[in-house]
Amino acid sequence: MTYQSHIANADSLIRGYNGTWDGISAESVARMKLQNRFQTGLDIARYTAAIIRKDMAAYDADPANYTQSLGCWHGFIGQQKMISVKKHFGSTERRYLYLSGWMVAALRSEFGPLPDQSMHEKTSVPALIEELYTFLRQADARELGMMFRDIDAARASGNAIEEQRLLNAVENYQTHVVPIIADIDAGFGNAEATYLLAKKMIEAGACALQIENQVSDEKQCGHQDGKVTVPHEDFLAKVRACRYAFLELGVDDGIIVTRTDSLGAGLTKQIAVSKEPGDLGDQYNSFLDCEEIDPTTARNGDVILNRDGKLMRPKRLPSNLFQFRAGSGEDRCVLDCITSLQHGADLLWIETEKPHIEQIAGMVDRIREVIPNAKLVYNNSPSFNWTLNFRQQVFDAWSKEGRDLSAFDRAKLMSVDYDGTDLADEADERIRTFQRDAAARAGIFHHLITLPTYHTAALSTDNLAKEYFGDAGMLGYVKGVQRKEIREGIACVKHQNMSGSDIGDDHKEYFAGEAALKAGGAHNTMNQFAA
């Protein structure tokens, strides 16, 4: 609905109350409606699901149309990210938010900082989704409010051309509300628990849920050791639980991202149920590390499998976990991905131990032999040492070419001593183009960094503390923060405006007219930043 039609509808409604609503401004009503476009989280989920579906189709047509996101641990961080995206690129297209379970555990749990082992409260995940969208919607209200003020100023000055330009800008306004890919970990329990949590996350606005194939009560961060996977049927039950949640709530095109940790997971808690040779359970069990036994040598408590007519004993650890064969991770990973896509998943997530395009592409090529349009979400993880990994990749490539590498020690390539060398420059260029190249070669539709704002918050706070509490004193803040905010056009330098002060003043004027006591007058120190 257009700005003018909103005004016309409100005016008609007001007139219908025979003068008793004449104190209500139809244009003010229209403005408030436009500033609050999304009434519920489900409105957001439906709107953003359609965006991802459109972006997936665009990527299928051309891999240059890959998408990106950064993980955000607070609504303000997500808001400032999207304000920056609009400022620098003029559009939020193909830019999302990522909600990391790791950051929820580390930063948002009532227990305090926790490892990424699904020990944080379930409710903290949907609460963060709701918080992120509250801040994104407020960014819309703030920006539109400033546009409405500019419209009023243009009218007051009689500048009809500027007024029309601003009205057109309102009609074509692009919201800060973008898709969130939200981490539901391993489902926080059984399939019913997964379904209940998925509903809460969708109701808060999530259109895309990322779920992994680890055991809920043994879940580990994908970049740590000790990961334990579950049989396919157990995992697929949770995938279906997520789909039921989407369908029940009317988000018919909701996105499910299935993550496999099999590449780095060497253990399983369960032996899969198999009804006939070659079924999913049998394929899962075929990766178990087993030894053939004679029935007469079976020990008390042994679990025995019949494999091709032979009696096999899976190797069981003192923890009661079963061990997979060494070197089977990639095959298990490929099977996980194919199985997930064949049973309702939309996108894949392969957790790798390093950012190596050909390693990822090798698995994707095998997956695409079965499902040609398979697409990945990939974690450009801060757990990788990107500098060392890529310098070593260049070192290895140059070594194969027979180049002289006598000036380099492969084990010490992280050293600052190598900065500025041809090898380091080539590595940096590969890092710069990693997302573009991986999207084209390895089927990566969405690139994200899980924990970037965790690290940027720590780094910027360290820099400020070093300067402010040192000899620089207040200059440490002014030179390192405020002066940069002003000169780089950072919106929150006017922190009163960012927090909603001007929105509140607008509402006071709507409600009380000329009697409104507003905060944004001549004595507001925020006016010092007008220039």
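Given the structure is predicted, the values throughout are model-derived calculations rather than measurements.
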Quick one: does any side-chain atom of [X] pair with a main-chain N or O of [Y] as donor and acceptor, under 3.5 Å?
X    : Y    : result
T229 : T268 : no
E121 : E110 : yes
S262 : A265 : no
N213 : D261 : yes
S328 : R325 : yes
R410 : F395 : no
Q323 : D289 : no
H343 : L236 : no
Q393 : P355 : yes

Spacing of [atom1] belonging to [X] relative to [atom2] belonging to [Y], to within rounding of 0.5 Å:
X    : Y    : atom1 : atom2 : answer
M103 : D183 : CE    : CG    : 10.5 Å
M363 : D331 : CE    : CG    : 10.5 Å
R137 : Q35  : CZ    : CD    : 12.0 Å
L348 : R259 : CG    : CZ    : 13.0 Å
D60  : F445 : CG    : CZ    : 8.5 Å
T67  : D55  : OG1   : CG    : 6.0 Å

According to the interplanar angle, ranging from 0 to 90°, do the rings of [X] and [Y] count as parallel (below 30°), tilted (30 to 60°) or perpendicular (above 60°)?
X    : Y    : answer
Y173 : H176 : tilted
F434 : Y378 : tilted
Y418 : F408 : tilted

Exercise for the section: May I ask you to check whether H446 and Y59 place their ring centres under 6.0 Å from each other? Expected result: no

Handout entry: Ring centroid separation F324 to Y284 under 6.0 Å
Key = yes

Handout entry: R37 to Y47, cation-pi by 6.0 Å centre distance and 45° axis angle
Key = yes

Practice task
Decide yes or no on salt bridge (charged side-chain N to carboxylate O under 4.0 Å, His left out) for R391 and D419, but give the supporting numbers first.
Solution key: CA-CA 10 Å; R391 287 183 180 183; D419 290 1; 2.7 Å; yes

Exercise for the section: State whether K86 and E143 are salt-bridged, where the test is any N-O pair (Lys NZ or Arg NE/NH1/NH2 against Asp/Glu carboxylate O) under 4.0 Å. Expected result: yes

Residue pair [X] / [Y]: nearest heavy atoms and the distance that separates them:
X    : Y    : value
H120 : S109 : CB-CB, 3.9 Å
R94  : A64  : NH2-O, 4.3 Å
C242 : T194 : SG-CG2, 3.9 Å
L451 : S100 : CD2-OG, 3.4 Å
F390 : R430 : CD2-CB, 3.7 Å
G189 : K238 : O-NZ, 2.7 Å

Problem - Q359-E330 side chain donor-acceptor pair, cut-off 3.5 Å - result: no

Handout entry: Steps toward salt bridge (charged side-chain N to carboxylate O under 4.0 Å, His left out) verdict (E369, R366)
Key = CA-CA 5 Å; E369 289 176 4; R366 294 174 61 188; over 6 Å; no

Do any side-chain atoms of residues 198-210 form donor-acceptor pairs under 3.5 angstrom with protein atoms, and if so which ones, sequence neighbours left out?
{"residue": "K199", "atom": "NZ", "partner": "E248", "partner atom": "OE2", "Å": "2.9"}
{"residue": "Q210", "atom": "OE1", "partner": "Y98", "partner atom": "OH", "Å": "2.5"}

Problem - For L448, the option from N380, L97, N379, L70 that meets side chain to side chain contact (heavy atoms under 4.5 Å, CB included) - result: N379

Problem - salt bridge (Lys or Arg N to Asp or Glu O under 4.0 Å) partners for E130, two or more places apart - result: none

Practice task
Just do the salt bridge (charged side-chain N to carboxylate O under 4.0 Å, His left out) check on D346 and R53 with the steps written out, would you?
Solution key: CA-CA 10 Å; D346 301 291; R53 293 289 178 180; 3.0 Å; yes

